[in-house]
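Have a look at the structure below, then the notes.
As a basis for the values below, the full set of heavy atoms in this structure was taken, side chains included, without hydrogen atoms, waters or symmetry mates. Read the numbers this way: they start at 1 and go in the same order the structure lists the ligands and their atoms.
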Amino acid sequence: MSQQYWEERYQTREMPWEKGAPSPGLVDFLTSNPNLPGETVCVPGCGTGHDVREWAKAGFRAYGYDIAPSAIRLGRERTRAAGLQAEFRQLDFLREEPPFPFDWLFEHTLFCAIQPIERELYVNAVLRWLKPGGHFLAVNYLIPDRDGPPFGTTRQELWQRFSPHFDLQAEWVPRSYPNRTGLELMLWWHRRLPEEQVN
Ligand SMILES: C[S@@+](CC[C@H](N)C(=O)[O-])C[C@H]1O[C@@H](n2cnc3c(N)ncnc32)[C@H](O)[C@@H]1O
């Protein structure tokens, strides 16, 4: 979907994904894992930044990226209002370069927001933005929909796309926003170092 499409969704306030709170699965993950390694986290398709602020509260240098200028403006305003520190920048995660490679990358409703035909670009972008040895934490939305966004996916597709580059460290069904209960699957991947790559 184009930048114009997403910007219009913010301008017209047609934002059913906007729950006014971070992903419950992320909140629980950060609470249960207070001593995570690494310092930096990238949140692509960050929307108004609830998840970015949750990582910042957990002590990370948190960076939110979104294609829609209004999302970035709201992200900055709400972060300032919350008295937190995080960086926000407008860009196309699929096609642009990172400022530096990140220790963590957090996925939450970007994979299902892009066109399915762009999913190979998405995997390549994750590999560009994340350090070898870095962590890729994803809240995946397992819905059957083909006429999105949101576009559905399956565990099988996620395995096919990510297991060539990542080892799966943990997998669980998280606590969710009420209308997504039972539809989310969290996958915590560890990106292989070049010498660990098997093919
Ligand atoms: C469904 S919303 C989810 C927002 C946020 N993750 C949340 O859960 O509240 C998808 C977001 O991805 C952004 N987006 C779509 N394509 C993008 C791209 N190629 N690069 C960066 N952001 C993108 C949209 O502007 C929108 O804010």
Task: Results of salt bridge (Lys or Arg N to Asp or Glu O under 4.0 Å) for Glu157 - residues two or more places apart only - done: Arg119, Arg161
Task: Cation over ring face, Arg191 and Phe136, 6.0 Å, 45° - done: no
Can you pull every nitrogen or oxygen pair between ligand 1 and the protein closer than 3.5 angstrom?
| residue | atom | partner | partner atom | Å |
| --- | --- | --- | --- | --- |
| ligand 1 | 6 (N) | Gly45 | O | 2.8 |
| ligand 1 | 6 (N) | His108 | O | 2.8 |
| ligand 1 | 6 (N) | Thr109 | OG1 | 3.4 |
| ligand 1 | 8 (O) | His108 | ND1 | 3.4 |
| ligand 1 | 8 (O) | Thr109 | OG1 | 2.8 |
| ligand 1 | 19 (N) | Asp92 | OD1 | 2.8 |
| ligand 1 | 20 (N) | Phe93 | N | 2.9 |
| ligand 1 | 22 (N) | Ile67 | N | 3.1 |
| ligand 1 | 25 (O) | Asp66 | OD1 | 2.6 |
| ligand 1 | 27 (O) | Tyr10 | OH | 2.5 |
| ligand 1 | 27 (O) | Asp66 | OD1 | 3.3 |
| ligand 1 | 27 (O) | Asp66 | OD2 | 2.7 |

Open item on the list: Just so I know, are the side chains of Leu137 and Leu26 near enough to count as touching, which here means a heavy-atom distance under 4.5 Å?
Closed with: yes
Open item on the list: Before we go on, tell me: are the rings of Tyr63 and Phe100 under 6.0 Å apart, centre to centre?
Closed with: yes
Open item on the list: I'd like to check the ring pair (Phe, Tyr, Trp, His ring centres under 6.0 Å) partners of Phe111; sequence neighbours left out, ordered by chain and number.
Closed with: Tyr122
Task: Under the ring pair (Phe, Tyr, Trp, His ring centres under 6.0 Å) test, residues paired with Trp6 that sit two or more places apart - done: Trp17
